Amino acid sequence: MQMQEEMQLTVLFCHYHVWRLFTYPVMVLLPFLLIMTINAQLDQALNERKSELYAAAKQD
């Protein structure tokens with residue numbers, strides 16, 4: 001019985017380590033990717049607005 005409990009603990013502990021191995025990088029990368037995506041979107045919108053303003057100024 002003692003051996004079985006130790007095995008279960010070992011398996012749980014191992015699963016925890018494997019889970020942690022995957023979740024920490026994801027938790028670090030997700031906000032980074034989110035910020036990069038938002039940044040790219042804002043940059044694109046800004047460039048479009050700039051070209052609109054430039055075209056409007058050229059017409060005047």
Side-chain angles (χ1 to χ4, degrees):
M1 191 67 189
Q2 179 76 30
M3 185 70 181
Q4 197 179 356
E5 282 177 14
E6 282 177 15
M7 279 296 291
Q8 282 176 338
L9 276 173
T10 308
V11 168
L12 277 172
F13 195 63
C14 183
H15 274 294
Y16 171 72
H17 271 276
V18 170
W19 182 77
R20 230 179 61 175
L21 206 71
F22 286 103
T23 51
Y24 276 111
V26 167
M27 280 162 57
V28 168
L29 284 174
L30 259 177
F32 177 73
L33 287 172
L34 198 68
I35 289 167
M36 291 292 283
T37 307
I38 290 169
N39 213 3
Q41 292 286 322
L42 285 173
D43 201 40
Q44 189 181 349
L46 189 69
N47 284 336
E48 283 172 13
R49 184 77 182 118
K50 271 185 189 170
S51 55
E52 282 171 18
L53 288 170
Y54 182 71
K58 243 181 147 179
Q59 284 176 354
D60 289 340

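This one's a predicted model, so the numbers in the text were calculated from it and none came from an experiment.
Here H17 pairs with F13 under the ring-ring contact (aromatic ring centres under 6.0 Å, His included) rule; sequence neighbours left out. Every salt bridge (Lys or Arg N to Asp or Glu O under 4.0 Å) that E52 has, sequence neighbours left out, goes to R49.
Taken from CD in Q41 to CD1 in I38, the straight-line distance is 9.0 Å, to the nearest 0.5 Å. With values rounded to the nearest 0.5 angstrom, E48 atom CD is found 10.5 Å from D43 atom CG. With rounding to the nearest 0.5 angstrom, the CG atom of L42 is 11.0 Å from the OG1 atom of T37.
Apart from L30 itself, the hydrophobic cluster it occupies contains V26, where clustering links Ile, Leu, Val, Met, Phe, Trp and Tyr at side-chain heavy-atom distances under 4.5 Å. Here L12 sits alone; no ILVMFWY side chain lies under 4.5 Å from its own, so it joins no hydrophobic cluster. When hydrophobic side chains of Ile, Leu, Val, Met, Phe, Trp and Tyr are connected at separations under 4.5 Å, F32 ends up clustered with M36. Side-chain heavy-atom separations under 4.5 angstrom define the hydrophobic clusters, and the remaining members of the one that includes F22 are V18.
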